[in-house]
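Along the sequence shown, residues are numbered consecutively beginning with 1.
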Amino acid sequence: MDIQAEMKKKAEAAKGAAAKLALLGADVKNKALLAMADALEKRSEVILQANALDIEDARQKKVKRSYLDRLLLDEYENSWYRNMSNGFSIYMPTNGLVKSLGRDYPAWYTDQMTVSKTTWSSTSYGDILKSSDEEIYKRAYQYWNACYGQLRSINTLLDHAGEITTPTRDRVLGEAHFMRAYYYYLLLRRYGGVLLVDREYNTLNDPARFPRASYDEMVDFIVADADEAARLLPRQHESADAGRATKGAALMLKAKTYLWAASPMFQERDTAWLGFKGDRSREMLAKAAYDEVTALGLYSLVPLEGSTQDEIKDSYRKIFLTKNSAESIFEVQHNNDGNYAAGWGHKLDRDAASPYFGGTDCAYVPTQNHVDEYGMRQGQPDPARPYDNRDYRFYANVLYDGCTYRGHVMDIHYRVEAGREVPGADLKPYGTSETAAATVTGYYMGKFVNPATEINNDPTYASSQNYIIWRYAELLLDYAEIELRLGNASAALQKVNQVRQRAKMPPLAALTWDAYANERRVEMAFEETVYWDMYRWGTAMDKMNGGTTPLMGVKIVEQEGKPTRYTYGRVNRYPKRVRVFRPRQFYWPLPWDEVRYQHIEQNPEWVEL
């Protein structure tokens with residue numbers, strides 16, 4: 001938020017690099033390096049001497065030119081969409097200089113899935129998983145600045161709304177209000193009440209200070225912006241604008257904000273920006289907000305085709321491979337061509353592939369904890385045949401030993417030969433790399449992956465699946481949760497059974513909280529809502545700690561003349577060291593520079609390192 005501070009930081013970084021190069025040059029007597037060091041030193045002085053106000057003036061002129069041209073306006077908005085979520089685009093550096101820039105996947109922090117590559121324990125993700133204060137501070141700082149960077153861009157546009165004369169004016173302003181509400185929703189989930197800046201704000205020429213907003217103020221602000229966005233945005237876009245925020249997305253944002261604020265975690269709090277002073281949960285359980293979304297008549301559960309297990313499995317998987325389906329309310333638009341080098345594609349299929357298909361990361365492996373969440377279609381589980389007759393969604397979401405994927409029978413077991421256990425094709429690391437991985441749980445992911453995507457080392461093109469943020473099944477489950485918490489169990493049951501019956505599963509006869517939570521975790525498996533549910537329900541202390549919920553896997557051994565042996569055990573040798581979650585992590589730390597400049601309080605238990 002502070003341009004001058006950012007400029008000084010860049011200058012100091014340049015000076016630091018210059019000093020390092022100078023020392024290296026002295027060691028090797030390399031004149032070229034010394035020249036580079038001198039150039040960097042001079043560059044740092046230029047940065048320090050730059051007139052920040054002139055830079056800001058140039059930025060403003062560029063922005064104002066955008067108001068007159070539709071294409072420039074669309075380009076101006078692109079960063080709002082690009083920065084709202086990483087989607088399936090991950091980045092897992094282990095080098096200490098850049099690892100804090102890592103991008104991970106929310107479900108990896110849950111007990112539903114994990115990663116297999118041992119070197120990834122040394123990434124930013126691995127450090128945060130261990131509850132490293134240093135790495136959490138770095139991630140929190142980056143996330144805060146990324147969100148406020150986009151909010152600054154949005155506020156600039158809204159402050160100059162009168163200058164926008166393009167035919168798309170209402171749409172653009174609607175997107176601006178939606179995105180401002182969305183970024184504050186993201187900040188609310190991470191930090192609690194933050195600084196509600198609703199106008200252009202430049203610390204170089206504006207002495208204003210902003211207090212931390214209360215939960216009340218945050219909810220009111222987000223809801224007001226979401227309502228304004230819904231007023232301005234169309235119900236649907238033409239195909240060329242598919243994926244832009246719509247009236248339905250804005251109304252869903254309002255509903256999700258109320259649901260978040262209604263959670264038990266945020267009632268009866270002593271500090272206004274960490275929750276409500278009293279219990280406001282019934283007031284925030286706003287069915288009417290969800291009714292507004294459904295009243296549009298635009299969204300529905302995608303019906304499944306076929307009647308056999310394989311047909312139902314394939315049809316369910318197709319939901320997550322279809323961009324902007326009838327079930328989708330809002331999703332991250334990844335490039336159709338899968339260009340991840342210069343575009344917004346990703347490498348999900350490559351990252352998730354087993355060694356048999358050439359995968360070396362095996363990054364999305366479901367746990368036994370998650371497999372155990374899938375109930376039976378009928379009858380009781382058979383320990384000798386644990387994968388028979390399970391919930392149809394199990395076969396769609398999880399690749400298990402003996403199932404068929406891409407025409408290959410998954411070989412995730414060991415065979416006893418000459419007294420030795422020989423790993424199957426999907427358990428042998430691919431290639432010669434010492435860091436190549438194979439599943440550590442005994443499973444691979446079936447949901448989201450596209451069997452038609454070629455697994456190779458193409459440096460430019462890979463996968464193109466969109467990353468779903470909200471879909472209609474989640475809306476129904478949210479609604480069921482509200483009904484259940486209001487004491488309307490029969491109404492909640494009806495919503496849950498809609499979701500189950502779409503999946504060709506028999507309806508439940510009754511609904512308890514545990515049954516509801518399990519159904520939600522099955523239907524929303526590996527989606528980011530499972531991660532956030534742990535925060536708002538207050539279950540993160542249990543689910544994200546290895547001591548209370550160790551990740552479990554299975555080892556399968558076949559031996560001629562003997563029954564197949566299934567052994568269930570911990571994935572991590574020392575689960576208490578690998579997965580740690582402390583109470584203070586429910587609210588990430590605010591940047592200390594912001595705390596000092598704005599004269600605001602830090603979140604509980606965080607101290608400056």
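- Not less than 6.0 angstrom separates the ring centroid of Trp537 from the ring centroid of Trp532.
- With Thr549 contributing its side chain and Gly546 its backbone, the two residues share no donor-acceptor pair below 3.5 Å.
- Residues Gln150 and Ser153 have side chains that never bring a donor and an acceptor to within less than 3.5 angstrom of each other.
- Residues Asn336 and Ser464 have side chains that never bring a donor and an acceptor to within less than 3.5 angstrom of each other.
- Between Tyr531 and Tyr109, the angle of the ring planes lies from 30° to 60°, which puts this pair in the tilted group.
- At a cut-off of 3.5 Å, with distance as the only test, a side-chain donor of Ser131 or Gln585 sits close to an acceptor on the other residue.
- Under the 6.0 Å cut-off for aromatic ring centres, Phe394 and Tyr400 qualify, their centroids lying closer than that.
- Between the side chain of Ser85 and the backbone N or O of Gly87, at least one donor-acceptor pair lies under 3.5 Å.
- Centroid-to-centroid, the aromatic rings of Phe581 and Tyr535 come within less than 6.0 Å.
- Arg235 and Thr246 form no side-chain donor-acceptor contact under 3.5 Å, judged by distance and modelled atom types alone.
- What you find for Tyr387 and Val554 is that their closest heavy atoms are OH-CG1, 3.9 Å.
- There is no side-chain donor-acceptor pair under 3.5 Å between Glu373 and Asn518.
- Thr271 places no side-chain N or O within donor-acceptor distance of the main-chain N or O of Trp273, the cut-off being under 3.5 Å.
- Under a 3.5 Å cut-off, the side chain of Thr441 and the backbone N or O of Gly553 do not form any donor-acceptor pair.
- For Arg317 against Gly446, the heavy-atom pair with the smallest separation is NE-O, 3.7 Å.
- Using the six-membered ring where Trp is involved, Tyr215 and Phe276 have ring planes that are perpendicular, over 60° apart on the 30 and 60° scheme.
- A 6.0 Å sphere centred on CD of Glu268 holds more than 12 heavy atoms belonging to other residues, nucleotides or ligands.
- Ring orientation note: the planes of Tyr516 and Trp513 are tilted relative to one another, at an angle of 30° to 60°.
- The aromatic rings of Tyr182 and Phe178 sit parallel, their planes meeting at an angle under 30°, below the 60° perpendicular limit.
- Scanning both residues, Ser307 and Tyr392, for their nearest heavy atoms gives O-OH, 4.4 Å.
- A centroid separation of less than 6.0 Å is found between the aromatic rings of Phe266 and Trp260.
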Name the atoms and distances for all side-chain donor-acceptor pairs under 3.5 Å in residues 499-508, with sequence neighbours left out.
residue, atom, partner, partner atom, Å
Arg500, NE, Pro506, O, 2.9
Arg500, NH1, Glu519, OE1, 3.1
Arg500, NH2, Pro506, O, 2.8
Arg502, NH1, Val302, O, 3.0
Arg502, NH1, Glu327, OE1, 2.6
Arg502, NH2, Glu327, OE2, 3.2
Arg502, NH2, Glu523, OE2, 3.1

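- Note on ring orientation: taking the six-membered ring where Trp is involved, the planes of His334 and Trp344 are tilted (angle from 30° to 60°).
- Side-chain atoms of Arg520 and Thr529 include a donor-acceptor pair closer than 3.5 Å.
- Leu590 and Glu601 make their closest contact through CD2-O, 4.2 Å (heavy atoms, listed as atom of the first residue, atom of the second, distance).
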When you look at His370 and Tyr443, which way does the ring-ring contact (aromatic ring centres under 6.0 Å, His included) test go after all the steps?
CA-CA 11 Å; His370 175 59; Tyr443 302 102; 9.3 Å; no
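- The residues Arg180 and Asp198 are annotated as not salt-bridged, no charged nitrogen and carboxylate oxygen being separated by less than 4.0 angstrom.
- At distances below 3.5 Å, at least one donor-acceptor pair connects side-chain atoms of Asp382 with backbone N or O atoms of Ala384.
- For the residue pair Tyr374 and Asn397, a side-chain donor N or O sits within less than 3.5 Å of a side-chain acceptor on the partner.
- Although no hydrogens or angles enter the test, the distance criterion places no donor-acceptor pair under 3.5 Å between the side chain of Thr453 and the main chain of Val449.
- Between Tyr191 and Tyr587, the distance from one ring center to the other does not fall under 6.0 angstrom.
- Annotation for Gly442 and Thr439: closest pair N-OG1, 3.1 Å, computed over non-hydrogen atoms.
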side-chain contact (heavy atoms from CB on, under 4.5 Å) assessment of Gln333 paired with Asn324
CA-CA 9 Å; Gln333 304 294 308; Asn324 308 306; 2.8 Å; yes
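- Among residues at least two apart or in separate chains, there is no ring-ring contact (aromatic ring centres under 6.0 Å, His included) pair with a member in residues 478-505.
- Distance alone, capped at 3.5 Å, places no donor-acceptor pair between the Arg584 side chain and the Asn603 backbone.
- Taken to the nearest 0.5 Å, the CG atom of Leu484 stands 11.0 Å off from the CD1 atom of Ile482.
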Run Asp270 and Lys277 through salt bridge (Lys or Arg N to Asp or Glu O under 4.0 Å) and show every step you take.
CA-CA 6 Å; Asp270 293 331; Lys277 291 286 188 180; over 6 Å; no
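- By the 4.0 Å N-to-carboxylate-O rule, Glu527 lies close enough to Arg471 to be salt-bridged with it.
- Phe88 and Phe448 have their aromatic ring centers within a separation under 6.0 angstrom.
- Asn572 and Arg579 share no side-chain donor-acceptor pair at under 3.5 Å.
- Residues passing the salt bridge (charged side-chain N to carboxylate O under 4.0 Å, His left out) test with Arg269: none are found, sequence neighbours excluded.
- Ring centroids of Tyr184 and Phe221 are separated by less than 6.0 Å, placing the two rings close together.
- Checking side-chain atoms of Asn369 against main-chain N and O of Pro550 turns up a donor-acceptor pair under 3.5 Å.
- With a 6.0 Å radius and a threshold of 12 heavy atoms from other residues, nucleotides or ligands, Glu305 has its CD atom at or below the threshold.
- Looking at Ser214, its side chain does come within 3.5 Å of a backbone N or O of Glu217 through a donor-acceptor pair.
- The pair Arg139-Asp104 counts as a salt bridge, with a side-chain nitrogen and a carboxylate oxygen less than 4.0 angstrom apart.
- For the residue pair Glu135 / Tyr125, no side-chain donor-acceptor distance below 3.5 Å is found, with atom types taken as modelled.
- In terms of heavy atoms, Ala480 sits closest to Lys495 at CB-CB, 3.7 Å.
- Rounded to the nearest 0.5 Å, atoms OG1 (Thr168) and CD (Glu175) are 8.5 Å apart.
- Residue Lys130 places its NZ atom among more than 12 non-hydrogen atoms of other residues, nucleotides or ligands, all under 6.0 Å distant.
- Checking side-chain atoms of Asp349 against main-chain N and O of Asn450 turns up a donor-acceptor pair under 3.5 Å.
- Here the two rings, on Tyr105 and Tyr364, have centers that are under 6.0 Å apart.
- Side chain to side chain, Thr512 and Asp514 fail the donor-acceptor criterion of an N or O pair below 3.5 Å.
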Could you walk me through whether Asp111 and Arg521 pass the salt bridge (Lys or Arg N to Asp or Glu O under 4.0 Å) test, one step at a time?
CA-CA 11 Å; Asp111 59 333; Arg521 284 168 62 86; 2.7 Å; yes
Yes or no on side-chain contact (heavy atoms from CB on, under 4.5 Å) for Gln380 and Met376, after CA distance, side-chain angles and deciding distance?
CA-CA 7 Å; Gln380 298 297 315; Met376 305 294 290; 5.9 Å; no
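- Aromatic ring orientation, Trp470 versus Phe330: tilted (interplanar angle from 30° to 60°).
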